[in-house]
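Throughout, a chain's letter reflects where its sequence line sits, starting with A, and its residues are numbered from 1. Note: hydrogens, waters and symmetry copies are ignored here, and every other heavy atom, side chains too, is used.
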Number of protein chains: 2
Amino acid sequence: MTVRLPNSKNPRVVIIGAGFGGMELAKKLRNSPFQVILLDKNNYHNFQPLLYQVATGGLEPDSIAYPIRKVFRGVKNVSFRMAEVQHIDAADKCLHTNIGKISYDYLVIASGSKTNYFNFESISDQFMPLKSVPDALNLRSFILQNFEEAISSVDSDDREELINIAIVGAGPTGVELAGALGEMKKYIFPKDYPELDLSRMRILLFEAADRVLGVMSEEASKKAEEYVRQFEVEIYLNTVVSEYADSILTTKDGQTFRTDTIIWTAGVQGNQPKGLDPKSLAKGNRILVNSFNQVSGYADIFAIGDIGAMISEATPKGHPMVAPVAMQQADLLAKNLVLLEAKKPLKEFVYKDKGSMATIGRNRAVVDLPNFKFQGFFAWWVWMFVHIISLIGFRNKLATLWGWAYNYLTYDRAMRLIIRPYKKQEFIKMEEEGNPN
Amino acid sequence: MTVRLPNSKNPRVVIIGAGFGGMELAKKLRNSPFQVILLDKNNYHNFQPLLYQVATGGLEPDSIAYPIRKVFRGVKNVSFRMAEVQHIDAADKCLHTNIGKISYDYLVIASGSKTNYFNFESISDQFMPLKSVPDALNLRSFILQNFEEAISSVDSDDREELINIAIVGAGPTGVELAGALGEMKKYIFPKDYPELDLSRMRILLFEAADRVLGVMSEEASKKAEEYVRQFEVEIYLNTVVSEYADSILTTKDGQTFRTDTIIWTAGVQGNQPKGLDPKSLAKGNRILVNSFNQVSGYADIFAIGDIGAMISEATPKGHPMVAPVAMQQADLLAKNLVLLEAKKPLKEFVYKDKGSMATIGRNRAVVDLPNFKFQGFFAWWVWMFVHIISLIGFRNKLATLWGWAYNYLTYDRAMRLIIRPYKKQEFIKMEEEGNPN
């Protein structure tokens, strides 16, 4: 079955994924001499850096998700299709998807990354990931459900298990989440659950490396650690999680922690589509590309963003898996596709690192610019400004600003709504098997 | 297992349900000489009259849902528990719930109503109800998913089946929904889906009676019908739906309509808890109450709102199942509980009908006041004003205002996000049975 698409005489570029890379490329190819087919399993682009705010009830999905069709309204050469790619058939120059077959002249893989549970893959359904809007809503529901359960429980061990929260991985997501949860512990939970002894609630942050925010400067790490501790978050550095069973998390050095909620932000891996030559694949489920983002061994397939591993002497592990890399690669690829059609030589990708930043609770952030590092209140303003202007669309900018202004002024997180209760897979299985619990 | 609750020497009032009635009663009993335990299966109160706006992407849940705990912050004698009632044990004066046993001195059933599918109960999973926030989000997802599927489909019958929408029941919900969908057909879908022939999209509104908005005046009905038709909605009055199979809806008079989406707003029935004496029950799954809202046969159990049927000569079918009845009964019951404790005579309930209203798309509404009926642009302003002030909390009022201002000025409905794709039960069953479709 073939997918119905508009007729076009122009060469067809099919883009897999409407994340930062895919969206940027499709935008840059607006009104170009290509027919662009943009695919994503969702009908929206989501602004991943703010997912943790949806998880902690500070923003609703409509602030950080944007309907893809709205971006390409009135653009004749770009068509969106909501589809999941099953496999690539490079010999036949087509994709097999859940909605049918789509042929291509050029294929761009911008499928991003997914959570990497490393050796915990087999029990990953006991952890909470934070890579998508449903993940964020599940986490929001789960934390609140546990509090609702704890308040009615007569067993104090059960209560602790339900209200303690562990975060594994102190990268930007882990640290920002720790700050937000710390704020909730300080300002929200005591008012909502006066019958619970919140002094017994522990927020635990585990990191295998010797500092938080390993991707940033030592200065930023140090300050971020200080900020996180101000919210009574316990940080365990050089600590590797080794086991999780019966609600007890055990570390390699033998410490144990009782908790029902483990948020896994310890790593990502490429979200690799099937069908490519194994020789084209790189470590961490990524795809080997040359300096034009051309997939190794294919002239008409490209990979940009997190999924692409541009291995060189300067970047032996490829580029960092962050939005600016994806967007810069998309910008260049839009130009290179035109050059390729004109049979002209392509331009090589050079990453321009503009810096990185993270925020930890109200009034606190750390910013690393190439030549200037700063932290604190001003950094927090810069963080907010950069995130607001990076959001797609005037409406999302305004909705996010309004959400933040409200949260800041009221010390509140208004969206403490359990719209869809979340159940861990193990519980669903137990129920199906008729377990009396 | 007993639910952990705060100690109190005061008589305990347990309220089942945090809808309009239950919330109002708990609010009125703040700082009273009762211990109040408020139960609901959700941790939020939702403003049902605006659910259709969540369904059509005009508002996010946080605009119309409000965390129950926030309402009772700092109130020492009111405790909320998220629980589903399994059955009432009146002999033992306690409730059995999914979180354990809760005893009561006075029990107030304010569990509201649920969708009544009448003789379609067995295939109700093929219809979309609109009684809860998840219902609204499911409907939003389902309509958008169908459009996404239609745009890729090569079969024109399939496309029509996917984009046509039938609404069964032209009460306030049906009519308001028809207006909102009509707006989307006019302003949103043509821009989002330029590849679909939207002139072939049919919005069908079926009503068994001879007019829409049967609960309102003839004048309002007539004008509402005119408004709905302005949005190219087809209205079928005196038309009873008789069958639905293979995506074909058949009416009693033999007409057939091809559609995948049937929104069922044709009726409600009491959301009756188990355990009461069958003699206490009334038609439509409601509970028989006397003029003090006391359940027939019980001195310490009351029922207010939709679930209570106060049958008298003046109200042979009980009062209308609307929010003002529930709230007025709650107000009186708060006083009567105090009188009851003081062993004083109770006051009888007298319903004060303040009128009713409905809106149909932008700039159009119908309003029936006891002595004054009007329609049109001014009615629309009145409708908005009344709904805004009726929302709980400053934040919800502001969020809704902002949503409406945005929708009005941009002719847009921004939340066209399929966050959780919805599948009809039949499809889930088919997939589990390994059906190749």
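- For A:I188, the parts lying under 4.5 angstrom from a heavy atom of chain B are both the backbone and the side chain.
- The greatest number of non-hydrogen atom pairs below 4.5 Å with chain B, out of A:M1, A:E60, A:K76, is found for A:E60.
- Across A:G57, A:S79, A:S132, A:P67, the residue that shares the most heavy-atom pairs under 4.5 angstrom with chain B is A:P67.
- In summary, the aromatic rings of A:F80 and A:F72 are positioned with their centroids too far apart to meet the 6.0 Å limit.
- Judged purely by distance below 3.5 Å, without hydrogens or angles, the side chains of A:T261 and A:N146 pair a donor atom with an acceptor atom.
- Side-chain polar atoms of A:S153 and A:R159 form no donor-acceptor pair below 3.5 angstrom.
- For the set A:L417, A:T2, A:V133, A:V3, the count of heavy-atom pairs under 4.5 angstrom toward chain B peaks at A:L417.
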Q: Applying salt bridge (Lys or Arg N to Asp or Glu O under 4.0 Å), run through B:E148 and B:R416 and close with a yes or a no.
A: CA-CA 12 Å; B:E148 290 299 335; B:R416 298 191 298 289; over 6 Å; no
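- A:T56 and A:R413 form a side-chain donor-acceptor contact under 3.5 Å, judged by distance and modelled atom types alone.
- For a residue to count as touching a neighbouring chain, one of its non-hydrogen atoms must lie under 4.5 Å from one of that chain's; by this rule B:P194 does not touch chain A.
- Neither the backbone nor the side chain of A:N46 comes within contact range of chain B; no heavy atom of the residue lies under 4.5 Å from a heavy atom of that chain.
- Remark: B:R362 qualifies as a cation-pi partner of B:Y411 under the 6.0 Å distance and 45° angle criteria applied to the six-membered ring.
- Heavy-atom pairs under 4.5 Å with chain A peak, among B:G74, B:P134, B:G100, B:P421, at B:P134.
- There is no contact between A:A136 and chain B, counting heavy-atom distances below 4.5 Å.
- Within the 4.5 angstrom heavy-atom criterion, no atom of B:A83 approaches chain A.
- Note: A:L398 leads A:T410, A:L144, A:L398 in heavy-atom pairs under 4.5 Å with chain B.
- Note on A:N138, A:N396, A:N42: by heavy-atom pairs under 4.5 Å with chain B, the leading option is A:N138.
- The six-membered or imidazole ring of B:F47 lies away from that of B:Y66, with a centre-to-centre distance of 6.0 Å or more.
- B:Y406 carries A:R395 over the face of its six-membered ring, with the cationic atom under 6.0 Å from the centre and within 45° of the normal.
- With a 4.5 angstrom heavy-atom cutoff, B:I99 touches chain A only via side-chain atoms.
- In terms of heavy-atom pairs under 4.5 Å with chain A, the best-connected choice from B:I151, B:L137, B:I419 is B:I151.
- The side chain to side chain contact (heavy atoms under 4.5 Å, CB included) with B:L29 is formed by just one residue from the set B:V78, B:V36, B:L38; it is B:V36.
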